[in-house]
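Have a look at the structure below before the remarks.
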Amino acid sequence: MNHGRNWPILLCKIGESEVLYKWNRRLWRYSLLSVVLLLLVTGSLVGCGGSGVPEEPLFDTSDPSVLRDLADQHGIGIGAAVISSLLIEEQYADTLAEHFNMIVAEYEMKWDPIQLTQGSFDFSGGDALVDFAEANGMKVRGHALVWHQATPDWVTNGSWTNDELMDIIKNHVTAVSQHYQGKIVAWDVANEALSDQSPYGLRGDSPFTKLGQDYIDEAFRAAHLVDPDALLFYNDYGVEGMNGKAQSMYNMVVGMLDRGVPIHGVGLQMHITTDGYPLTNRFEENVKRFTDLGLEVHITEADVRIRIPSSQTSRNLQAQVYHDLMAACLRNPKVTAFLTWGFTDNHSWVPDFFNGYGDALLFDKNYAKKQAYYGLQAALKGE
Ligand code: XIL
């Protein structure tokens with residue numbers, strides 16, 4: 001007989017026979033042990049930390065100061081990625097305007113939505129964001145002029161000569177910079193151009209790589225020509241700490257500066273988990289070597305993803321990471337903006353892109369402030 005499989009039946013028949021009774025005593029012990037273990041496991045899953053007592057939130061939640069006011073006092077941008085079609089949702093729009101002094105288009109200023117067909121431009125999505133920002137006293141980051149993704153087929157699959165492709169890039173950059181001239185504080189001119197693989201040169205899966213570094217230089221020059229007041233950024237992921245890719249980005253940027261290319265900053269995307277990277281990998285030292293070049297640094301797309309369903313424990317850890325990141329940024333005056341990629345867990349790319357993860361942002365699905373929010377708040381208050 002397989003007792004394991006028949007536990008429930010045996011348990012129902014306690015006392016029916018001596019043999020069965022002995023088995024049942026043992027089973028009771030096993031069952032009790034399993035129940036205790038189960039409680040411990042589920043307890044830690046739902047935030048009881050294994051002690052049976054729910055873990056307390058880490059940061060004080062009683063201060064109603066909003067992030068944008070605190071950030072204004074530091075002269076730093078606090079922003080979020082936004083989708084214009086969601087602005088009709090009152091809670092979405094109100095939360096955004098109340099807490100942030102900066103926005104960036106999550107999608108609508110990329111090449112695809114703007115110039116899906118060659119020569120025909122649609123700025124409606126981006127314009128809606130700019131109007132919203134103007135109405136609410138917010139600044140706008142532009143994202144992104146040249147990226148290997150969200151780029152139309154006619155660009156990617158056309159059989160262009162190198163000269164033709166360079167002209168296509170310059171025309172797009174010129175048209176978009178022209179349209180938004182004076183309205184964008186900082187543009188991500190080139191996004192994710194570098195490979196993740198050693199030696200971290202230009203990525204192999206970009207239609208632009210065949211033009212070499214020239215396409216990046218030329219895109220920056222074209223943007224600067226029509227919008228000289230916009231700060232121009234190179235933006236990438238996996239370059240937040242000291243590592244091979246960050247070194248490659250550093251070398252690239254030094255080269256651009258040497259050639260007189262108008263680059264003013266680097267964007268560190270910061271899509272991370274709670275494992276502490278990049279704080280554990282000399283984040284501040286990395287940031288400092290870029291600001292020592294005279295560049296600004298923006299945290300452009302922060303989200304700190306955790307396993308879902310999340311627990312109070314994992315949300316506390318997440319809040320600590322947000323806090324420590326912001327505190328590190330504030331220690332360097334040339335870090336001038338901190339943006340999260342979305343702001344409510346109701347609308348976030350994380351669950352779609354990182355299987356099993358979510359709850360990465362500052363507000364929960366019902367727009368309630370999370371510990372992550374209070375972590376940033378505490379850092380901005382110098383706590
Ligand atoms: C993502 C958006 O969040 C998605 O909604 C979209 O489908 C794809 O792009 N790095 C970037 C961003 O620079 O533009 C990406 O945004 C996320 C990774």
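Each ligand, and each atom within it, is numbered from 1 in the order the structure gives. The analysis underlying the following values was restricted to heavy atoms, covering all of them including side chains, and did not include hydrogens, waters or symmetry mates.
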Are there protein heavy-atom neighbours of atom 7 (O) of ligand 1 below 4.0 Å?
no
Could you tell me whether some N/O pair between [X] and ligand 1 is separated by less than 3.5 angstrom?
X    : value
E106 : yes
Y107 : no
W341 : yes

So do I272 and Y237 actually touch side chain to side chain, heavy atoms under 4.5 Å?
no
Which class fits the ring pair F121 and H172: parallel under 30°, tilted 30 to 60°, perpendicular over 60°?
parallel
Any ion pair linking R221 and E218 (charged N to carboxylate O, less than 4.0 Å)?
yes
Heavy-atom proximity to atom 9 (O) of ligand 1, best of Q149, M109, K110:
K110
What are the atoms of ligand 1, with element, lying closer than 4.0 Å to any heavy atom of [X]?
X    : result
N191 : 11 (C), 13 (O)
W349 : 3 (O), 17 (C), 18 (C)
H143 : 11 (C), 12 (C), 13 (O), 14 (O)

Run the numbers on D72 and N101 for side chain to side chain donor-acceptor pair (under 3.5 Å), then give the verdict.
CA-CA 8 Å; D72 283 345; N101 61 20; 2.9 Å; yes
What's the verdict on side-chain contact (heavy atoms from CB on, under 4.5 Å) for Q320 and F59, showing C-alpha distance, side-chain angles and the deciding distance?
CA-CA 9 Å; Q320 188 71 55; F59 292 97; 4.1 Å; yes
Looking at ligand 1, is there an atom of it that comes within less than 4.0 Å of some heavy atom belonging to W147?
yes
Please step through side-chain contact (heavy atoms from CB on, under 4.5 Å) for the pair F283 and L325, ending with a clear verdict.
CA-CA 9 Å; F283 168 67; L325 271 176; 4.2 Å; yes
